[in-house]
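Shown next, in structure tokens, is the structure this report addresses.
Within every chain, numbering begins at 1; the chains are lettered A, B, ... in the order of the sequence lines, protein sequences first and strands thereafter.
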There are 2 protein chains.
Amino acid sequence: MKAAKAADIERAAELFHALADATRLRIVERLRDGEQCVCDLTGALDTGQSRLSFHLRTLKDAGILRDRRQGRWVYYALNPDVMEEMAEVLGSIRGA
Amino acid sequence: MKAAKAADIERAAELFHALADATRLRIVERLRDGEQCVCDLTGALDTGQSRLSFHLRTLKDAGILRDRRQGRWVYYALNPDVMEEMAEVLGSIRGA
DNA sequence: ACGATACATCAACGATTCTTGATCTGTCAA
DNA sequence: TTGACAGATCAAGAATCGTTGATGTATCGT
């Protein structure tokens with residue numbers, strides 16, 4: 001188990017911060033089953049459009065989500081790469 | 001993979017929040033190798049006493065650390081239970 | 001008892017984050 | 001074109017968080 005570099009720590013903090021909010025966790029939970037457009041999420045999460053957009057951006061900026069425009073709709077999905085990254089981060093936090 | 005209950009989500013957000021800070025992650029990293037007293041951490045992390053105490057409390061309040069007073073010193077260590085909890089949380093976030 | 005040491009807590013302030021409502025952009029249908 | 005819809009972005013205020021320095025509390029050595 002190697003020591004974490006400063007950049008790793010900053011990155012881990014960024015990831016954790018993005019997940020440190022109940023609304024964002026609900027978004028992630030909903031996306032486990034696959035891509036959804038913002039309109040679906042708005043209905044499912046019962047939240048204002050602006051608020052939802054803010055949290056989606058927070059997750060996207062952290063690399064947790066990716067988005068894809070299709071016609072009038074934008075679809076969000078979990079980024080598989082970051083899931084692996086999370087697992088690594090968790091491993092490095094876990095005690096020996 | 002069952003759906004997360006509201007309480008689970010709040011708890012996960014609490015855990016992630018506690019880890020969403022570089023100073024706190026450095027503390028956790030140092031404690032991977034076992035218990036340390038605050039004085040050791042102060043030296044190792046090169047941070048003010050008050051600041052360190054604040055972050056230790058944040059981690060402890062989230063259940064990530066436990067503390068133990070011994071004479072003049074207070075020792076902090078990772079809470080093994082919460083490590084398992086983190087792994088579960090991660091599993092529930094991870095896509096199918 | 002007294003001073004020193006280890007740490008917690010408090011109060012005040014700045015910084016960051018979140019929410020809300022308004023406005024802007026892009027896409028489609030008529 | 002025009003209007004409607006999906007969504008992003010912006011601006012302002014509220015709330016939360018982190019930092020700093022000062023003070024409080026417990027324990028120890030003398």
Side-chain angles (χ1 to χ4, degrees), chain A residues 6 9-31 34-79, chain B residues 6 9-31 34-79:
Chain A
I9 295 231
E10 296 297 333
R11 171 61 178 149
E14 184 185 17
L15 278 176
F16 284 132
H17 168 259
L19 296 171
D21 179 277
T23 300
R24 291 197 286 272
L25 287 174
R26 279 187 209 101
I27 292 171
V28 168
E29 188 194 5
R30 282 221 118 229
L31 294 179
E35 212 178 42
Q36 294 212 350
C37 73
V38 178
C39 51
D40 290 339
L41 292 168
T42 307
L45 298 176
D46 188 35
T47 183
Q49 182 265 318
S50 170
R51 194 163 96 100
L52 180 57
S53 199
F54 168 80
H55 288 297
L56 286 170
R57 182 190 228 284
T58 301
L59 287 166
K60 184 187 161 191
D61 286 350
I64 294 173
L65 303 186
R66 63 166 179 69
D67 64 342
R68 175 177 74 86
R69 164 155 236 138
Q70 184 171 306
R72 227 189 295 210
W73 298 275
V74 176
Y75 289 84
Y76 281 85
L78 294 180
N79 175 3
Chain B
I9 295 233
E10 297 296 333
R11 171 59 179 149
E14 184 185 17
L15 279 176
F16 285 132
H17 169 260
L19 295 171
D21 178 277
T23 300
R24 292 197 285 272
L25 286 175
R26 280 188 207 100
I27 293 171
V28 167
E29 189 194 4
R30 282 221 117 231
L31 294 179
E35 212 177 42
Q36 295 212 352
C37 72
V38 178
C39 50
D40 290 339
L41 292 169
T42 308
L45 299 176
D46 187 37
T47 184
Q49 183 265 316
S50 169
R51 195 164 93 102
L52 180 57
S53 199
F54 168 80
H55 288 296
L56 286 169
R57 184 190 227 283
T58 302
L59 286 166
K60 184 186 161 192
D61 286 352
I64 294 174
L65 304 185
R66 61 164 181 71
D67 65 341
R68 173 177 76 84
R69 163 155 237 139
Q70 182 171 306
R72 228 188 292 209
W73 296 276
V74 176
Y75 289 84
Y76 280 86
L78 293 180
N79 176 3

For residues 36-45 of chain A, which residues have at least one heavy atom under 4.0 Å from DNA chain D?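 Hits under 4.0 Å, by residue number: A:C37, A:V38, A:C39.
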Among residues 15-24 of chain B, which ones have heavy-atom contacts with DNA chain D below 4.0 Å?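 Output list: B:H17, B:D21, B:R24.
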Between D:dG7 and A:Y75, is there an OP1 or OP2 to side-chain N/O distance shorter than 4.0 Å?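 So the side-chain polar atoms of A:Y75 never come under 4.0 Å of the phosphate oxygens OP1 or OP2 of D:dG7.
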Estimated bend of the helix from C:dA1-D:dT30 to C:dA30-D:dT1 (axis per five terminal pairs, rounded to 10 degrees):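 The end axes of the helix from C:dA1-D:dT30 to C:dA30-D:dT1 are about 20° apart, to the nearest 10°.
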Side chain to side chain donor-acceptor pair (under 3.5 Å) with B:D40: which residues, sequence neighbours excluded?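 Once residues adjacent in sequence are excluded, B:D40 has no partner under the side chain to side chain donor-acceptor pair (under 3.5 Å) criterion.
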Run the side chain to side chain donor-acceptor pair (under 3.5 Å) test against B:D61 and tell me which residues pass, sequence neighbours left out.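 For B:D61, the residues satisfying side chain to side chain donor-acceptor pair (under 3.5 Å) (neighbours in sequence not counted) are B:R57.
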Nucleotide interval of DNA chain C bounded by contacts with chain A (heavy-atom cut-off, under 4.0 Å):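 Reading along DNA chain C, I get C:dT17 to C:dA29.
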For A:R68, which residues count as a salt bridge (charged side-chain N to carboxylate O under 4.0 Å, His left out) partner, sequence neighbours excluded?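 For A:R68, the residues satisfying salt bridge (charged side-chain N to carboxylate O under 4.0 Å, His left out) (neighbours in sequence not counted) are A:E35.
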Could you state the atom-to-atom distance from CZ of B:R26 to P of D:dG18 in whole Å?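 In whole Å, D:dG18 P and B:R26 CZ are 14 Å from each other.
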Just the rounded figure in Å: distance from P of D:dG7 to CG of A:L65.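 Atom CG in A:L65 sits about 14 Å away from atom P in D:dG7.
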With B:T42, which residues qualify under side chain to side chain contact (heavy atoms under 4.5 Å, CB included), at least two apart?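 Scan of B:T42 (side chain to side chain contact (heavy atoms under 4.5 Å, CB included), adjacent residues dropped) gives B:V38, B:L52.
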With sequence neighbours excluded, tell me which residues meet side chain to side chain contact (heavy atoms under 4.5 Å, CB included) with B:R30.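 With sequence neighbours excluded, B:R30 shows a side chain to side chain contact (heavy atoms under 4.5 Å, CB included) to B:Q36, B:L41, B:A44, B:L45, given in chain and number order.
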Selection residues 34-72 of chain B - residue pairs positive for disulfide bond (SG atoms under 2.5 Å apart), sequence neighbours left out: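 Every disulfide bond (SG atoms under 2.5 Å apart) pair that includes a residue of residues 34-72 of chain B, provided the two are not neighbours, is B:C37-B:C39.
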Do B:L65 and B:L78 come close enough that some side-chain heavy atom pair is under 4.5 Å?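 Yes, their side chains come closer than 4.5 Å.
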Summary of protein contacts for nucleotides 20-30 of chain D, nucleotide by nucleotide, where a base hit scores B, a sugar-phosphate-only hit scores S (4.0 Å, heavy atoms): BBB----BSS-
Interatomic distance, A:L59 atom CG to A:L31 atom CG [nearest 0.5 angstrom]: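 The CG atom of A:L59 sits 8.5 Å away from the CG atom of A:L31.
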Let me have the donor-acceptor pairs involving side chains of residues 14-25 of chain A, under 3.5 Å, with sequence neighbours excluded, atom names and distances please.
from, atom 1, to, atom 2, distance (Å)
A:E14, OE1, A:R11, NH1, 3.1
A:D21, OD1, A:T23, N, 2.9
A:D21, OD1, A:R24, N, 3.1
A:T23, OG1, A:R51, NH2, 3.4
A:R24, NE, A:A18, O, 2.6
A:R24, NH1, A:H55, ND1, 3.0
A:R24, NH2, A:H17, O, 3.2

